There are 2 protein chains.
Amino acid sequence: MELESSGESADNPPSKGEDRQTLSQFVENMGLLYQDYGVSRIGGRIVGYLLVTPRPVSSEEMAEALQVSRSSVSTNLRTLLMAELVEKVSLPGDRVDYYVLSDLAWQNTLEMRLAAILPLKELAEEGLEGLYPDHPARPRLQSLMDWVGMVETILQRTRDEWQSRSEVLAGPGS
Amino acid sequence: MELESSGESADNPPSKGEDRQTLSQFVENMGLLYQDYGVSRIGGRIVGYLLVTPRPVSSEEMAEALQVSRSSVSTNLRTLLMAELVEKVSLPGDRVDYYVLSDLAWQNTLEMRLAAILPLKELAEEGLEGLYPDHPARPRLQSLMDWVGMVETILQRTRDEWQSRSEVLAGPGS
DNA sequence: CAGTTGTTTCAGTATTGACAGAAACAACGG
DNA sequence: CCGTTGTTTCTGTCAATACTGAAACAACTG
């Protein structure tokens, strides 16, 4: 994998080489980790690459940097855009599409994982509706529903917390 | 799939049939849902079956009820035991192993999903260590680390909340 | 309105993982 | 100590998914 640093000037040559190695490793590990998150390896590497490249990146560049096909980049970008981990940006006077990591990337990574819990509530609900009032499984289904309710609360709290953090970072009154 | 209800007496025959249908559907859906949680379909169905069967269940019974091989039950039970979603119980004078849903099953389901986030922190840490002080990716890695820290806090809070709930249910001083 | 560049869709391939059946293993009972 | 019962490990098969290269498509430029 090739990773370009922005200024390639030669004032501290040893650092650049090590940085590239470090970043390459980081991007690769992000790929592996995101696999567990239901995003494909390439998707994770894209997230990693965008993270360590603080500027808009074209899909062409990603394909080259990550040494994968353009089609894979395209497919994975679509997924990442839908998940709102990545945003598309346009640069004036340039018809190429560029992409950056969304400000909400981490928050949304968390949401994805927590939101997957919520369907359990509906499942338990359906179960309760279909069972006669004295069925022994009822209390357990009920407590499952309660638990999912708690997760919903947590989810809301993280949104609030994240919200207030962003406000602090952006300065008050933003 | 066959689901046995505990008392099979005939005082309200119509209910039993519908219950069985409902539960069968529920168990099946749990399987599908848990697939998204990194547990296999069979693992999810085991969780579902244990949920709606409020008594210790042998692996033999699971295999029959879910219509899957004993080996699959065995493999999946090992995973579920490690994840602490299921507990093994012994009945005196019986050499068969029985299993019940753990009291912490839901809490641990949540933990599994949140804990998967934590390795991100280490990844970011390694990245920071390997990069020279002026590298433009540093601030982003730092803020990633901060975010994971927040998730850790949330995780701890849910443990506390769950803890206090259980105490309420069990009665004070337990 | 061609020609060029960039992006998406499609069809085939390869890798991964779940699952079943059989064999091996362990533990208990006569 | 042999036979029976219960559980785990192993090997092969099948299905699902990620990925690629090629073709189709879209958008801009001269």
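Because the structure is predicted, anything quoted here is derived from the model rather than measured.
The rotation axes computed at either terminus of the helix from C:dC1-D:dG30 to C:dG30-D:dC1 lie 10° apart, taking five pairs at each end and rounding to 10 degrees.
At whole-Å resolution of the value, CG in B:D97 and P in D:dT5 are 17 Å apart. Rounding to whole angstrom units, CG of residue A:L77 and P of C:dG6 are separated by 16 Å. Rounded to whole Å, atom P of C:dT5 lies 15 Å from atom OH of A:Y98. To the nearest angstrom, P of D:dA16 lies 12 Å from CG of B:L32. The separation between B:D36 atom CG and D:dT17 atom P is 10 Å, rounded to whole Å. Rounded to whole Å, atom C1' of D:dG6 lies 15 Å from atom CG of B:L91.
No contact: A:S58 has no heavy atom under 4.0 Å from any strand.
If you run side-chain contact (heavy atoms from CB on, under 4.5 Å) between B:L101 and each of B:I46, B:V52, B:T53, B:V47, only B:V47 comes through.
One finds no salt bridge joining B:E152 and B:R159 here, because no Lys/Arg side-chain nitrogen approaches an Asp/Glu carboxylate oxygen to under 4.0 Å.
Distance check, rounded to the nearest 0.5 Å: CE of A:M30 to CG of B:L123 gives 7.0 Å.
Closest non-hydrogen pair, A:P56 versus A:Y98, comes out as CB-CB, 3.6 Å. The shortest heavy-atom contact between B:L33 and A:P119 is CD1-CB, 3.9 Å.
Heavy atoms of other residues, nucleotides or ligands lying less than 6.0 angstrom from CG of B:D146 number more than 12.
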Sugar-phosphate or base contact per nucleotide [nucleotides 18-30 of chain D; S, B, -; heavy atom under 4.0 Å]: SSBBB----BS--
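The aromatic rings of A:Y34 and A:W106 lie tilted to each other, with the angle between the two planes from 30° to 60°.
Grouping Ile, Leu, Val, Met, Phe, Trp and Tyr residues whose side-chain heavy atoms lie under 4.5 Å apart, directly or via other members, leaves A:M82 alone, with no other cluster members.
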